[in-house]
Student: 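Below: one structure in structure tokens.
Index from 1, following the sequence. Each ligand, and each atom within it, is numbered from 1 in the order the structure gives.
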Amino acid sequence: MTNADFERIVDTSDEWITTRTGIKERRIARDHIQTSDMALEACRAAMEMASCRPDEIDALIVGTVTPDYPLPSTACVVQEKMPLPNAVAFDVVAACAGFINGLAIARSMIEIGSARKVLVAGAEKLSSITNYEDRGTCVLFGDGAGAVVLEASVGDRGVISTFLRSDGSMRKWLWIEAGGTNRPITKDFPFDHTDKILMNGSDIYKVAVREMTRACLKVLDDCGLTADDVALVVPHQANIRIIEAVAKRLHIELDRFYLNIDRYGNTSAASVPLALDEANRAGKIKPGDNILMVAFGGGLIWGSALVTW
Ligand code: UT7
């Protein structure tokens, strides 16, 4: 969907969307495509790149807030479709920070020796929870999936440091009010869009800039590194202005940030792995490079990871 498509359905303009968000297009999955279908494709592509067989995978972690079903996890659906006969599969519900949380869990599983190879995916069909009558949110979101394979290794390369944090007191700044036990969808449900995303964008914006910056500095500090040591930053793609503000505070030029928000919009948990994969396939990442990933989303929840490629 292009900005011109939105000009036809809500009171907005290409000029507003472009200057306020940096978004030009987003990908919208067809009705019959489920989150698991996108996750499956991303997992297959990651395993092919890693020359890894399905039976070698010990765990599959899927970050998503748009599962195929309330029960079971989308990860279990992907496990069956692949199939992954020797894996445990589960979802992580951490909104836009779902992939970074999955990465941190996978790292811990490998470091304590309970897994050798872990698939971590971020997959979302945000179009299924978007209110296309709310111009303040509908222009932002898109669908997609990305995945990585993490593997146990010795030496200096790998996931060097991770940082995770949340603050539930701001949970109503970005939430879906109805559809859970608190407000179930019964036969009297009014379908007043409370089963779709509601967001207080301008307040989130300020916290996002502050906490994404802090999260980046924290993982760098933990590794004894500075911003100068970072080859590429792969940020959550929610708003180009948030990324620019974080870049300025970190004193890292914007050309060391991988940006694809113009083509995908905000894809929540899929955003970081989508950008990472694009950067990698475009040859923008070399062995030994320090890659800094950072994300922020509904919870509120945020996190960062420093990876030496
Ligand atoms: O995924 C992780 C979590 N989410 C985020 O990180 C999102 C963080 N927030 C943002 O990216 C920005 O706050 C938005 C892009 C959501 C909004 O940008 P903003 O500069 O904060 O705009 P605003 O919400 O303060 O709204 C400014 C004006 C309002 O009009 P008035 O009240 O000034 O007359 C809005 O009604 O822009 C209006 N507006 C729009 N106008 C045209 C809001 N959405 C639109 C729209 N088209 N699509």
Side-chain angles (χ1 to χ4, degrees), residues 1-26 63-66 93-101 122-127 129-144 146 164-168 170-176 193 196-216 234-247 249 257 259-262 264-275 293-304:
M1 270 180 103
T2 64
N3 291 349
D5 292 327
F6 281 97
E7 285 176 348
R8 285 188 279 273
I9 60 171
V10 286
D11 180 16
T12 191
S13 64
D14 174 46
E15 199 268 332
W16 190 97
I17 302 170
T18 305
T19 54
R20 296 290 183 120
T21 72
I23 301 167
K24 285 284 191 188
E25 301 170 3
R26 5 32 221 131
T64 189
V65 291
T66 47
V93 183
C96 308
F99 177 76
I100 301 269
N101 275 262
E124 302 281 15
K125 191 175 178 181
L126 289 184
S127 58
I129 54 169
T130 296
N131 173 4
Y132 285 97
E133 291 179 21
D134 175 15
R135 69 175 184 172
T137 55
C138 69
V139 300
L140 306 173
F141 302 121
D143 302 335
L164 306 174
R165 192 57 61 84
S166 62
D167 184 340
M170 294 175 274
R171 68 187 186 281
K172 294 187 181 178
W173 290 9
L174 174 44
W175 72 326
I176 297 174
H193 302 298
K196 306 288 186 212
I197 298 174
L198 195 66
M199 183 169 83
N200 169 357
S202 50
D203 283 337
I204 291 179
Y205 185 103
K206 293 172 208 132
V207 185
V209 171
R210 186 184 72 216
E211 297 302 341
M212 286 172 79
T213 305
R214 281 188 187 159
C216 288
V234 181
H236 171 48
Q237 318 270 323
N239 188 321
I240 188 67
R241 291 184 296 135
I242 293 178
I243 297 172
E244 285 167 352
V246 171
R249 283 163 177 73
F257 281 68
L259 304 173
N260 62 9
I261 187 171
D262 57 329
Y264 301 105
N266 182 347
T267 56
S268 182
S271 154
V272 169
L274 267 177
M293 300 175 220
V294 61
F296 186 97
L300 299 179
I301 185 163
W302 56 96
S304 55

Student: If we only count N/O pairs under 3.5 Å, is N266 in contact with ligand 1?
Tutor: yes

Student: Please work out whether any backbone atom (N, CA, C, O) or any side-chain heavy atom from C-beta onward of V139 is under 4.0 Å from ligand 1, and answer side chain, backbone, both or neither.
Tutor: side chain

Student: Regarding ligand 1, does C96 bring an N or O atom to under 3.5 Å of one of the ligand's N or O atoms?
Tutor: no

Student: Give the numbers and elements of all ligand 1 atoms closer than 4.0 Å to a heavy atom of I242.
Tutor: 6 (O), 8 (C)

Student: Identify the closest protein heavy atom to atom 23 (P) of ligand 1: which residue and atom is it, and at what distance?
Tutor: R20 NH1, 4.5 Å

Student: Measuring to protein heavy atoms, does anything land under 4.0 Å from atom 4 (N) of ligand 1?
Tutor: yes

Student: Would you say the side chain of I23 lies within less than 4.5 Å of the side chain of T18, judging by non-hydrogen atoms?
Tutor: no

Student: So if I count the atoms of ligand 1 from 1 in the order they appear, which ones are less than 4.0 Å from some heavy atom of S202?
Tutor: 13 (O), 21 (O)

Student: We want to know whether T267 and E124 form a side-chain donor-acceptor pair, criterion being a heavy-atom distance below 3.5 angstrom.
Tutor: no

Student: Please determine whether a side-chain nitrogen of the Lys or Arg among R214 and E211 lies less than 4.0 Å from a carboxylate oxygen of the Asp or Glu.
Tutor: yes

Student: Out of R135, H236, M199, indicate the one that has the non-hydrogen atom closest to atom 7 (C) of ligand 1.
Tutor: M199

Student: Could you check whether atom 20 (O) of ligand 1 has a protein contact, counting only heavy atoms that fall below 4.0 angstrom?
Tutor: yes

Student: Taking atom types as modelled and ignoring hydrogens, do the side chains of D143 and S127 form a donor-acceptor contact shorter than 3.5 angstrom?
Tutor: yes

Student: For ligand 1, which atoms have a heavy atom of R241 less than 4.0 angstrom away?
Tutor: 18 (O), 19 (P), 20 (O)

Student: As a check for students: among W173, F296, Y205, W16, identify the option with a heavy atom nearest to atom 42 (C) of ligand 1.
Tutor: W16

Student: Please check whether T12 reaches ligand 1 - meaning an N/O of the residue sits under 3.5 Å from an N/O of the ligand, judged on distance alone.
Tutor: yes

Student: Go through F6 and R135 one step at a time and tell me if the side-chain contact (heavy atoms from CB on, under 4.5 Å) criterion holds.
Tutor: CA-CA 8 Å; F6 281 97; R135 69 175 184 172; over 6 Å; no

Student: Tell me whether atom 9 (N) of ligand 1 lies less than 4.0 Å from at least one protein heavy-atom position.
Tutor: yes

Student: Near G136, which atoms of ligand 1 are under 4.0 Å from a heavy atom of that residue?
Tutor: 44 (N)

Student: Taking all heavy atoms of G146 and all of A270, pick out the closest pair and write down the distance.
Tutor: N-CB, 4.4 Å

Student: Under 4.5 Å between any side-chain heavy atoms of V207 and M170, yes or no?
Tutor: yes

Student: Is the shortest side-chain heavy-atom distance between F296 and V209 below 4.5 Å?
Tutor: no

Student: What I want to check is whether the side chains of S271 and Q237 have a donor and an acceptor closer together than 3.5 Å.
Tutor: no

Student: For T137, which part has a heavy atom under 4.0 Å from ligand 1: side chain, backbone, both, or neither?
Tutor: neither

Student: Would you say atom 44 (N) of ligand 1 touches the protein, meaning some protein heavy atom is under 4.0 Å from it?
Tutor: yes

Student: Could you walk me through whether N3 and V139 pass the side-chain contact (heavy atoms from CB on, under 4.5 Å) test, one step at a time?
Tutor: CA-CA 8 Å; N3 291 349; V139 300; 5.8 Å; no

Student: Tell me which one of N200, N239, I197, L174 gets a heavy atom nearest to atom 12 (C) of ligand 1.
Tutor: N239

Student: Using protein heavy atoms only, decide if any is under 4.0 Å from atom 29 (C) of ligand 1.
Tutor: no

Student: Less than 4.5 Å apart, any side-chain heavy atom of T2 and any of K24?
Tutor: no

Student: For I176 and I129, run side-chain contact (heavy atoms from CB on, under 4.5 Å): C-alpha distance rounded to whole Å, both residues' side-chain angles, the deciding distance at 0.1 Å, then the answer.
Tutor: CA-CA 8 Å; I176 297 174; I129 54 169; 3.7 Å; yes

Student: For ligand 1, which atoms, with element, lie under 4.0 Å from some heavy atom of T21?
Tutor: 15 (C)

